[in-house]
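What follows is a set of notes on a single structure, which appears directly below.
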Amino acid sequence: MKKLNQRHSQGADLKEREQMSEAEVGVFVQRLRGLMNEIAAFPAPTIAAMDGYALGGGLELALACDLRVAASSAVMGLIETTRGLLPGAGGTQRLPRCLGVALAKELIFTGRRLSGTQAQALGLVNHAVAQNEEGNAAYHRARELAQEILPQAPIAVRLGKVAIDRGMEVDIASGMAIEGMCYAQNIPTQDRLEGMAAFREKRPPRFVGE
């Protein structure tokens, strides 16, 4: 389980970016996009916790994660158009897949900032929680969410992630085939047999990831 805690992430340093040549900017953004892709491809579930600002690349990082938790007072948005830019680290692709095309276009075209509460209402974050005095309420909620996932069968969770992520990129018939292949990979696991035995014996399962 991977948790990415974002107290404040306001994206790339634009003062630093201003000193780069056009070629250097292209390489920089390409590497950033590659990093986000690596996070998205991480085999275990990832949870982003946003307690403060998640603007531009900060929100793109959160979008690369499987789940997002925010303090209700957190501020997030793909604000690149307000700086003469457009999202370049996956935002134009991941936000519409998360929220739908029209809403993603509105948020990207306007560069609008959202609170954690607004983001939850739109479905951008899974949970929005009241901030605490320490300023880490989202982090604690993300840990609680991780604790719900950890007892489940690791291989089944990993294959579930594969089936969802790959299935979202294709038509539903192809997605069903992907689900079938993932399901077939899970059938020989010890954890599947343990899950059925635990159900039969009316006890909690003891999954080992094999």
Side-chain angles (χ1 to χ4, degrees), residues 2-42 45-131 135-142 145 165 168-169:
K2 194 74 133 181
K3 296 183 295 297
L4 300 177
N5 188 32
Q6 291 185 303
R7 187 65 61 86
H8 296 290
S9 179
Q10 300 190 45
D13 186 337
L14 294 184
K15 291 180 181 177
E16 179 184 334
R17 181 90 65 90
E18 196 174 10
Q19 307 303 316
M20 295 181 184
S21 68
E22 290 183 11
E24 287 172 330
V25 170
V27 171
F28 173 80
V29 175
Q30 185 176 12
R31 286 178 177 168
L32 199 58
R33 193 179 302 120
L35 172 63
M36 302 304 181
N37 289 340
E38 287 180 22
I39 292 169
F42 191 74
T46 54
I47 306 172
M50 295 174 280
D51 275 302
Y53 290 94
L55 301 172
L59 181 54
E60 287 179 306
L61 173 60
L63 284 166
C65 295
D66 298 306
L67 307 173
R68 285 163 292 282
V69 178
S72 54
S73 57
V75 179
M76 65 198 73
L78 295 182
I79 61 169
E80 285 85 349
T81 58
T82 70
R83 304 291 187 267
L85 302 165
L86 71 151
T92 65
Q93 301 307 302
R94 293 194 173 97
L95 190 65
R97 284 169 168 78
C98 178
L99 297 182
V101 172
L103 187 50
K105 284 180 176 177
E106 179 178 338
L107 293 177
I108 290 173
F109 294 170
T110 62
R112 185 179 304 147
R113 299 178 183 214
L114 302 171
S115 69
T117 302
Q118 291 171 318
Q120 184 189 29
L122 296 178
L124 180 54
V125 301
N126 297 75
H127 303 276
V129 292
Q131 187 57 282
N136 59 5
Y139 173 72
H140 284 294
R141 183 66 185 91
L145 190 53
D165 286 349
M168 285 299 294
E169 306 305 319

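Just so it is clear, the values below take in all heavy atoms, side chains as well, and ignore hydrogens, waters and symmetry mates. Nothing fancy with the numbering, it's 1 onward along the sequence.
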Check for a donor-acceptor pair, side chain of Arg33 on one end and backbone N or O of Gly88 on the other, with a separation under 3.5 Å.
-> yes
Main-chain N/O of Val75 paired with Arg113 side-chain donor or acceptor, under 3.5 Å | no
So which heavy atom on Pro96 is nearest to which on Gly91, and how close?
-> CD-O, 3.8 Å
Decide yes or no for Ile108 and Pro87: does some side-chain heavy atom of the first lie under 4.5 Å from some side-chain heavy atom of the second?
-> yes
Check Val129 against Arg141 and note the closest heavy-atom contact, atom names and distance.
-> CG1-CG, 3.8 Å
Of all heavy-atom pairs between Arg68 and Cys98, which one has the smallest distance, and what is that distance?
-> NH2-SG, 3.7 Å
Which distance, rounded to the nearest 0.5 Å, do you find between the CG of Asp165 and the CZ of Arg97?
-> 10.5 Å
Measure from the side-chain N and O atoms of Arg112 to the backbone N and O of Glu106, and report whether any donor-acceptor pair falls under 3.5 Å.
-> no
Does any N or O in the side chain of Asp51 come within less than 3.5 Å of the main-chain N or O of Ala138, such that one atom is a donor and the other an acceptor?
-> yes
Can you tell me if Ser72 uses its side chain to pair, donor with acceptor, with the backbone of Gly116 under 3.5 Å?
-> no
Distance from Leu61 atom CG to Arg94 atom CZ, nearest 0.5 Å?
-> 10.0 Å
Ignoring hydrogens and geometry, is there a side-chain-to-backbone donor-acceptor pair from Thr117 to Ala128 under 3.5 Å?
-> no
Sidechain-backbone polar pair: Asp66 side chain, Thr46 backbone, donor-acceptor under 3.5 Å | yes
Residues Leu78 and Leu95: closest non-hydrogen pair is CD1-CD2, 3.8 Å
Atom CG of Asn126 and atom CD of Gln120: how far apart are they, to the nearest 0.5 Å?
-> 8.5 Å
Examine distances only and state if a side-chain atom of Arg83 and a backbone atom of Ile79 form a donor-acceptor pair shorter than 3.5 Å.
-> no
Exercise: identify the closest heavy-atom pair between Met50 and Val125 = CE-CG1, 3.6 Å
Does some side-chain heavy atom of Leu124 sit less than 4.5 Å from a side-chain heavy atom of Leu63?
-> yes
Taken in chain and number order and not counting sequence neighbours, the residues that satisfy side-chain contact (heavy atoms from CB on, under 4.5 Å) with Ala89 are Leu32, Met36, Glu60
Closest non-hydrogen atoms of Met76 and Ala70, given as atom of the first, atom of the second and distance, are CE-CB, 3.7 Å
